[in-house]
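The structure follows.
Indexing begins at 1, ligand by ligand and atom by atom, following the structure's order. Scope of the values below: all heavy atoms of this structure, side chains included, with no hydrogens, waters or symmetry mates.
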Amino acid sequence: MRQAGRYQPEYRALRRERTLLDIVRDPALCAQVTVLPVRQLGVDAAILFSDIMVPLGPVGIDYTLEEHVGPVLARPVRDAADVRAIGRLVPHRDLPYVLESVARARELLGPTPLIAFAGAPFTLASYLVEGRPSRAHLATKGMMWERPALFRDLMARLADVAAAHLAAQVEAGAQAVQLFDSWAGTLSPAAYDEFVAPAVSAIFSALAPLGVPRIAFALGAGELLRRLRDAGADAVGVDWRVELATAGERVGPRTALQGNLDPALLLAPWSELERAARQALDQGVRHPGGFVFNLGHGVLPNTPPEVLARLVSLVHAYPVPAARPAPRAAPRAGDEERR
Ligand code: CP3
C-alpha cells in the first residue's frame, strides 16, 4: 500500500523542496524515499516510490498531481481521437529513471523484497476520462455504456501500458507486482466482467512467465475478490469492509490474502487498534493460501509514525501457528529408484 508519504516528517520536508515527480525522476532520492519506511517502521517489504500516473506522461497524457486533490489532466480523454493518441510504453526509453530507481532500491534493501506497482486500466481510465478525481465516475461509465468499443480500446491500451511497466520493473529487480484498481469497486460485477476483467487478465497473463507473485487490490470490492483471482492474481488485497475469513472463503485455499486493517484505526486508542489488528491476524493466519498483514488502504497523512512502528512490532510478535505439513506430493518418475 502507500508506505511513503505525508505522515513522515522527512517526506513532508523533502516535498517542500521537490515535487512528487521530481522525486520519481531522481533515482538516488527515489530509492531513499522507497527504503525509508522499511528502516523506520520495520515493515517486511518496500513498495517502489512512484504514482500510478507516472507511465502515462510518456504515452501522451498531460497531467499534474495537485496537492490534496490528485491527478488533474490538461485535457480529459473523451473521444476516439483522444483514445487513439495513447501510445505504447517503451520502459527503457520512456522511464529509464524508474528502472534505475528499482535497481538502486534493491541495492539499499538487501534481502528485503521490493514490490513494483501499476494502476489498473479502469482506475487509470477514470482519471483520464473524468480529468480529475471523481466519486461517481459518471463520464467514465458513460463512455463504457455509450461507446463500448472505444472504451474497450482504452482498457486494452492501458493494460498494455501497465503490463509493460510492471514487466520492466521486474526485469530491473522488483520481486512482486501489485496492480491498484482503486475504483473498480464502483462497478457492478456484470460491468466488471464485461469491460474490465479482460484487460486485467491480459496484464496478469503477460506477467505469468516472469514468475513473481501478482497482487491485485481494489477498494470496496468484496464482490470482485473471486474475479480478481480468476483474472490471474496470486494474492488479493482486502479492505476492512470484508472480514478476512469471508475473503478467504471467497477466493479459496490457493490465493493469498493481504489486508485488511482500516487505516483510520491508526488514529484510534491503542486498545482498539490492537483488538482489530489481532482479529485480522487471527483470521489471516488461518487462511491456507497465505496471508500478508497490511492496511486495507493507504496510510492517512495524520497517522503518527510511532503508532505504525508499534503496529509492525505487534504483528511481528504474533505467534504464527507452525505451517501444516504440505500434502504429500504425488510420486514423481525416478522416486522409486532413489528410495
Ligand atoms: O512509496 C510508496 O509507498 C508508494 C506510494 C504511492 C503513491 N501513489 C505516491 C503518492 C502509491 C502506491 C500510489 C498509487 C496511487 N496513486 C493510487 C492507487 C492506490 C490508492 O491509494 O488507491 C492512486 C489512486 C493514485 C492517484 C493519486 N496520487 C492520488 C489520489 C493522490 C492524493 C492526492 C493528495 O495530495 O492527497 C496522489 C498523490 C500521491 N501519490 C501522494 C503520494 C505519497 C500524496 C502526497 C504527495 O503529493 O506528495
Side-chain angles (χ1 to χ4, degrees), residues 1-25 27 29-41 43 45-57 61 63-73 98 101-102 104-105 108-109 112-128 130-135 137 140 158 162 165-166 169 174 176-186 215-221 237-240 258-259 263 294-303 305 308:
M1 206 45 73
R2 290 194 198 170
Q3 288 194 154
R6 281 192 294 250
Y7 75 91
Q8 297 169 300
E10 299 83 356
Y11 183 80
R12 290 196 300 270
L14 181 59
R15 284 281 282 106
R16 280 194 280 276
E17 316 286 327
R18 316 282 292 267
T19 68
L20 191 152
L21 294 175
D22 287 341
I23 302 170
V24 168
R25 292 187 189 119
L29 191 55
C30 181
Q32 279 170 24
V33 172
T34 298
V35 170
L36 197 60
V38 177
R39 304 258 194 275
Q40 288 186 334
L41 308 176
V43 288
I47 183 158
L48 185 72
F49 186 78
S50 182
D51 193 85
I52 57 170
M53 298 302 288
V54 165
L56 297 181
I61 303 297
Y63 72 94
T64 52
L65 283 173
E66 265 184 40
E67 213 165 341
H68 306 292
V69 178
V72 177
L73 269 71
V98 172
S101 297
V102 169
R104 287 185 183 234
L108 297 178
L109 283 165
T112 302
L114 177 67
I115 305 170
F117 74 91
F122 181 75
T123 292
L124 293 177
S126 86
Y127 288 111
L128 298 191
E130 307 295 333
R132 56 192 301 112
S134 144
R135 274 180 208 283
H137 311 280
T140 317
L158 295 173
H165 190 213
L166 290 172
Q169 292 177 81
V177 297
Q178 178 152 206
L179 191 66
F180 283 105
D181 213 348
S182 304
W183 310 130
T186 68
I215 311 163
F217 172 78
L219 193 64
V238 181
D239 77 16
W240 56 96
Q258 174 177 285
N294 208 326
L295 304 186
H297 201 200
V299 180
L300 297 166
N302 46 349
T303 303
L308 278 166

Test side chain to side chain contact (heavy atoms under 4.5 Å, CB included) on V299 and Q3 and set out the steps. CA-CA 7 Å; V299 180; Q3 288 194 154; 5.9 Å; no

Say whether G298 and ligand 1 are in contact under the criterion: heavy-atom distance to a ligand atom below 4.0 Å. no

Minimal heavy-atom distance between A46 and V38, with the atoms involved, is CB-CG2, 3.7 Å

Got an N/O contact under 3.5 Å between S182 and ligand 1? yes

Specify the protein heavy atom at minimum distance from atom 43 (C) of ligand 1: its residue, its atom name, and the distance to 0.1 Å. A4 O, 3.6 Å

Proximity to ligand 1 by part of M53, non-hydrogen separation under 4.0 Å: neither

Residue of the set D51, V54, L65 for which side chain to side chain contact (heavy atoms under 4.5 Å, CB included) holds with V24: V54

Heavy-atom nearest neighbour in the protein, as seen from atom 35 (O) of ligand 1, with distance rounded to 0.1 Å: H68 N, 2.7 Å

Which one holds for F217 and ligand 1: side chain close, backbone close, both close, or neither close, with close meaning a heavy atom under 4.0 Å? neither

Contact (N/O only, under 3.5 Å) between R6 and ligand 1: yes

Side-chain contact, heavy-atom cut-off 4.5 Å: L179 with L166? yes

Min N/O separation F117 to ligand 1 under 3.5 Å: no

Interatomic spacing from OH in Y63 to CG in L21 - rounded to 0.5 Å: 4.5 Å

Among all protein heavy atoms, pick the one closest to atom 15 (C) of ligand 1 and tell me residue, atom and distance. I52 CG2, 3.7 Å

So, for I47 and L114, which heavy atoms are closest and what is the spacing to 0.1 Å? C-CD1, 4.2 Å

Short version for L219: what comes under 4.0 Å of ligand 1, heavy atoms counted, is neither

How far is atom 24 (C) of ligand 1 from the closest protein heavy atom, and which atom is that? Y127 OH, 3.3 Å

If we set the cut-off at 4.0 Å for heavy atoms, which region of S50 has an atom near ligand 1: side chain, backbone, both, or neither? backbone

Which is it for V69 and ligand 1 at heavy atoms under 4.0 Å: side chain, backbone, both or neither? backbone

Report yes or no: does a heavy atom of T34 sit under 4.0 Å from some atom of ligand 1? no

Rounded to the nearest 0.5 Å, the CD atom of Q40 sits from the CG atom of L36 at a distance of 4.0 Å

Identity and separation of the nearest protein heavy atom to atom 31 (C) of ligand 1: R2 NH2, 3.7 Å

Rounded to the nearest 0.5 Å, the CG atom of L20 sits from the CG atom of L14 at a distance of 9.5 Å

Could you give me the CA-CA distance, side-chain angles and deciding distance for W183 and L219, then say whether side chain to side chain contact (heavy atoms under 4.5 Å, CB included) is met? CA-CA 6 Å; W183 310 130; L219 193 64; 3.9 Å; yes

Ligand 1 atoms nearer than 4.0 angstrom to some heavy atom of Q3 are 2 (C), 3 (O)

E67 neighbourhood, listing ligand 1 atoms whose heavy-atom distance to it stays under 4.0 Å: 35 (O)

Under the side chain to side chain contact (heavy atoms under 4.5 Å, CB included) rule, what do I52 and Y127 come out as? Steps first, then yes or no, please. CA-CA 10 Å; I52 57 170; Y127 288 111; 3.8 Å; yes

Name the closest protein heavy atom to atom 47 (O) of ligand 1, giving the residue it belongs to and the distance to 0.1 Å. R15 NH2, 3.2 Å

Give the ring-plane orientation class for F180 versus F217, where under 30° counts as parallel, over 60° as perpendicular and anything between as tilted. perpendicular

Heavy-atom proximity to atom 28 (N) of ligand 1, best of V72, I115, D51: D51

If you count the atoms of ligand 1 from 1 in the order shown, which ones are under 4.0 Å from a heavy atom of G70? 31 (C), 33 (C)

Per-atom contacts, ligand 1 versus H297 - under 4.0 Å to a heavy atom: 20 (C), 21 (O), 22 (O)

Main chain of S182, side chain of T123: is a donor-acceptor contact present, judged purely on distance under 3.5 Å? yes

For L48 and ligand 1, answer yes if some heavy atom of the residue is under 4.0 Å from a ligand atom, otherwise no. yes

Under-4.0 Å heavy-atom contact with ligand 1, by part of F180 that carries it: side chain

Just to be sure I read this right, does ligand 1 sit under 4.0 Å from the backbone of I47, its side chain, both, or neither, counting only heavy atoms? both

Test side chain to side chain contact (heavy atoms under 4.5 Å, CB included) applied to I23 and F49, step by step: CA-CA 8 Å; I23 302 170; F49 186 78; 3.9 Å; yes

With heavy-atom distances below 4.0 Å as the criterion, list the atoms of ligand 1 near L20. 10 (C), 39 (C), 40 (N), 41 (C), 42 (C), 46 (C), 47 (O), 48 (O)

Compare every heavy atom of Q32 with every heavy atom of L108, then report the nearest pair and how far apart it is. CD1-N, 4.2 Å

Sequence-distant partners of R25, salt bridge (charged side-chain N to carboxylate O under 4.0 Å, His left out), two or more places apart: none

